[in-house]
Amino acid sequence: MSTALVTGSARGIGFAIARRLSTAGHRIIMADLNPHIHDSAATLGAVAVQADISTAEGRAEVLDAVRSSGEPLEILVNNAGITRDALLADLTEEMFRLVTRVNLGSCYELTSALAAEMATGGAIVNIGSRAHLGNVGQFNYAVSKAGVVGLTRSLALAYAPRLRVNAVAPGFVATDMTDAMPEHVRERIISRIPLQRPGSPDDIASAVAWLGSTSARYVTGQVVYCCGGRSHG
Ligand code: NAI
């Protein structure tokens, strides 16, 4: 049985990805700073690591869990992410640094720590966002997710042909993250989606499962927009 690690998987998109990969027969390691990770992992029979992956100590705990699984990691999904939205005039340096550290920094650090130990033929899938195209009120988030695109494309070159590295860029997905938006903002965004509905976490999990599987064996360095057609901006 092969092993897959999904970060930020206590809830939302990360949990749906872990469930999908578990159904596909992978042994799952789930990492999240939210203590709810223990319950989420228990429902899937997965290994839980409660850790903040934006810290060196947190990443070391994740690394320990991967090593103790006894099998080389086959799929790494860098999903953990946060928002700290504000108009540019109100954005503090702390909000900028925090979002780029979690969304981009931990993706780079965790991947660097794990890649050498991954199984040949393995796959890394980073969760970006269509927000990298630019979003009012999400300057820090857009920068972090644009960084994820650059990281994905560069690591794909660095790790080829041993590993594949791709990204999924979701559009608007109904999760706790987007539930936190004001109602009128959510309605305006949904009204602009060509497929006329928000994405579900499972819609994103489908794309991740494909990129992680051998069906996508000739795909690397790509960004798959999973956004109901809203990727045009
Ligand atoms: P969410 O807020 O529901 O879940 C994110 C999970 O990541 C949470 O369980 C949280 O505890 C965990 N997390 C955050 N920082 C962490 C850290 N430092 N260490 C460990 N775990 C951490 O968010 P959602 O909506 O499920 O988003 C998942 C990913 O998808 C994120 O990368 C997000 O940026 C991306 N995304 C989401 C979209 C949406 O519309 N919901 C759209 C585009 C991208």
Side-chain angles (χ1 to χ4, degrees), residues 5-20 29-41 48-63 65 76-85 95 97-111 113 125-135 137-138 140-149 151-152 167-181 185-186 188-190 192-193 195 197-205 207-208 223-228 230-231:
L5 166 65
V6 186
T7 68
S9 44
R11 65 183 195 185
I13 293 171
F15 180 72
I17 294 168
R19 187 175 51 206
R20 179 63 71 101
I29 301 172
M30 296 164 69
D32 204 301
L33 50 73
N34 186 330
H36 191 61
I37 191 65
H38 296 287
D39 294 337
S40 302
V49 187
Q50 189 188 338
D52 179 349
I53 58 153
S54 70
T55 66
E57 303 76 50
R59 288 190 296 274
E61 285 178 45
V62 175
L63 219 67
L76 165 61
V77 184
N78 288 302
N79 165 79
I82 58 167
T83 52
R84 290 293 183 275
D85 296 351
M95 289 159 82
R97 285 185 187 277
L98 179 65
V99 169
T100 48
R101 180 159 61 86
V102 173
N103 296 2
L104 177 58
S106 18
C107 180
Y108 163 68
E109 300 281 1
L110 195 61
T111 303
V125 184
N126 299 325
I127 306 302
S129 168
R130 71 164 292 289
H132 77 255
L133 298 168
N135 247 2
Q138 289 200 308
N140 49 353
Y141 185 74
V143 166
S144 72
K145 294 299 189 176
V148 168
V149 172
L151 183 67
T152 300
V168 172
F172 184 91
V173 182
T175 67
D176 291 337
M177 182 183 269
T178 47
D179 279 354
M181 288 176 167
V185 175
R186 266 189 294 153
R188 195 184 63 226
I189 295 172
I190 293 167
R192 292 179 183 159
I193 300 173
L195 291 186
R197 67 166 177 87
S200 70
D202 220 38
D203 291 330
I204 310 307
V208 173
V223 179
V224 174
Y225 287 88
C226 197
C227 60
R230 217 178 133 239
S231 63

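Order of listing sets the numbers, starting from 1, for every ligand and every atom in it. Each residue takes its place number in the sequence, starting with 1. Just so we're clear, the structure is a prediction, and the values are computed from it rather than from any experiment.
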Backbone or side-chain N or O of [X] under 3.5 Å from ligand 1 N or O:
| X | value |
| --- | --- |
| Asp32 | yes |
| Ser9 | no |
| Ile53 | yes |
| Gly14 | no |
| Val173 | yes |
| Tyr141 | yes |

For [atom], which candidate among [options] provides the closest heavy atom?
| atom | options | value |
| --- | --- | --- |
| atom 32 (O) of ligand 1 | Asn78, Ile127, Asn79 | Asn79 |
| atom 20 (C) of ligand 1 | Ala131, Ala51, Gly8, Ala31 | Ala51 |
| atom 38 (C) of ligand 1 | Gly171, Ser129, Ser144, Pro201 | Gly171 |
| atom 44 (C) of ligand 1 | Cys226, Gly81, Gly128, Ser106 | Gly128 |

Have a look at [X] and tell me which of [options] forms a side-chain contact (heavy atoms from CB on, under 4.5 Å) with it.
| X | options | value |
| --- | --- | --- |
| Leu5 | Leu63, Val62, Asn78, Asn79 | Val62 |
| His132 | Val148, Val143, Val149 | Val149 |
| Ser40 | Arg11, Met30, Arg19 | Met30 |

Discussion item. Need the ligand 1 atom indices (1-based, order shown) with element for anything under 4.0 Å from a heavy-atom of Thr178.
Written reply: 39 (C), 40 (O), 41 (N)
Worksheet item: By number and element, which atoms of ligand 1 are closer than 4.0 Å to a non-hydrogen atom of Phe172?
Response: 40 (O)
Fill in: Rounded distance (nearest 0.5 Å) linking atom CG of Leu76 with atom SG of Cys107
7.5 Å
Response to the item:
Taken to the nearest 0.5 Å, the spacing of Arg186 CZ from Asp179 CG works out to 5.5 Å
Practice prompt. Grab the two heavy atoms, one from Val6 and one from Gly14, that are nearest each other, plus how far apart they are.
Written response: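 For Val6 versus Gly14, the nearest heavy atoms are CG1-O, 3.6 Å.
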Practice prompt. Would you kindly specify which portion of Ile13 sits under 4.0 Å from ligand 1, judged on non-hydrogen atoms: side chain, backbone, both or neither?
Written response: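 Both of them.
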